[in-house]
Amino acid sequence: MSMSPLHQPFIDRFDESESPVRVFYAPGRVNLIGDHTDYCGGLVFPCAIDSGTTMLIRKRQDDKVKLASMNFELMAALAPDELNQKYGDNWINYVLGVIDQFRQRGIETTGFECLFSGNIPNGGGLSSSASLEIVTAFALNQLFDANFSDIELVKMALAAENDFVGVNCGIMDQYAIAMAKKEHAMMLDCNTLDCEQVPLKLDGYQIVIVNSNQRRDLVDSKYNERFEECQQATRDMQKQLDIKQLAEVTPEQLDANLHNFSSEKVAKRAKHVISEHNRVRQAVTALTNNELEAFGQLMNESHQSMSQHFQASTDIIDKLIEISLASDGVIGARMTGGGFGGCTVYLVAESQVENFIDSVGKRYKEVCGLTADFYPIQSDNGMRELS
Ligand code: GLA
């Protein structure tokens, strides 16, 4: 029997049963550099963080699927024929999307009941949804001996989000959350899925995540809009160059073809994607060579590009970045993830972290009227069963 502190809440929510309870876990992730490149076949550089989603699960004697969460009141009890339709507009759809992928691959699970508990800072940008998808995919694979490979589970979780939930996201989050290695960040080529685990040697520096707590409105629709603009940029370049994905365009080819985009806006999106893809490689080289200031500088440039060319930042986030960069010991600052509010990530000298939290918190409140949350984070491993 599991020793998880969630065991009792689990037992309390469901009927008596002899079936053993198993406990699974998947972390959240922070992307250090390389945003809005994944769905353009580019490079990304995320690591898993030390908060995530825990899932307790056991088989039922009947064919019902019962889903509960410590974070939300909503609880669902579904018959098999109710599993393939959306359940309102909430967290349950991420789980249903994954079940749907198992079914599409011929795995009809018998009934089960599960309880989720997440501690990923909310507010967006740290992939709480991909964490939920991956922990579900991993747990169902184990519980029902489905024998899908890790990479297949990643693809199933991604398809759940793309097809069932309806967000055109790329593969970064699901991949990172599944495959992460503690004390490493991964340089993933989202075209080939080649992945290099790079030691996160941050001697004397700390990764700090700051949640702006700016309300994120219509994020999914803005994300899909950017996705479409990048598709357009790709089609524009395909008329000129022999490429499949936008990230294949070199900076020189971009410069030579700026007049060949269908609009100024589409050209700006392409400028971001192509420069960002190249920044990831430079950043990884800098990190490997212990050039942390150069790494930080690339983070700063990444933010400028996200803000100016990709227009995925907000005035408040830009202000937060500006305030943070003025604080002692900060060598890198950028928004992280999809954007349009949410979380930002920093490299801060360890000796200055306390001061950073204090001074940036105060100044941000004064200038923007919002209270930020600060999370100095450690890297972590990917999906796993907890013993
Ligand atoms: C979200 C998506 C990812 C990626 C980032 C931006 O997190 O889920 O696939 O596109 O935005 O880099």
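Basis for what follows: all heavy atoms, side chains included, without hydrogens, waters or symmetry-related copies. Start at 1 and go down the list; that is how both ligands and their atoms are numbered.
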Can Ser305 and Arg279 be counted as having a side-chain donor-acceptor contact under 3.5 angstrom?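 A pair is found: one side chain offers a donor N or O, the other an acceptor, under 3.5 Å apart.
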Would you please indicate if the ring centroids of Phe295 and Tyr205 are separated by under 6.0 Å?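 No; Tyr205 has its ring centre 6.0 Å or more from that of Phe295.
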What do you reckon, are the aromatic ring centroids of Phe72 and Phe116 less than 6.0 Å apart?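 So the answer is no for these two rings.
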Considering non-hydrogen atoms only, spot the tightest contact between Asn31 and Thr336 and give its length.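 Looking at all heavy atoms of both residues, the closest pair is O-OG1, 2.8 Å.
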Grab the two heavy atoms, one from Val273 and one from Thr37, that are nearest each other, plus how far apart they are.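 Residues Val273 and Thr37, closest heavy atoms: O-CG2, 3.7 Å.
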Candidate list Leu78, Asn84, Val165, test side chain to side chain contact (heavy atoms under 4.5 Å, CB included), partner Leu96, passing option: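 Exactly one pass, corresponding to Leu78.
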Which protein residues have a heavy atom closer than 4.0 Å to any atom of ligand 1, listed by chain and number?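 Answer by chain and number: Arg29, Asp35, His36, Asp38, Tyr39, Cys169, Gly170, Met172, Asp173, Tyr223, Gly337, Gly338.
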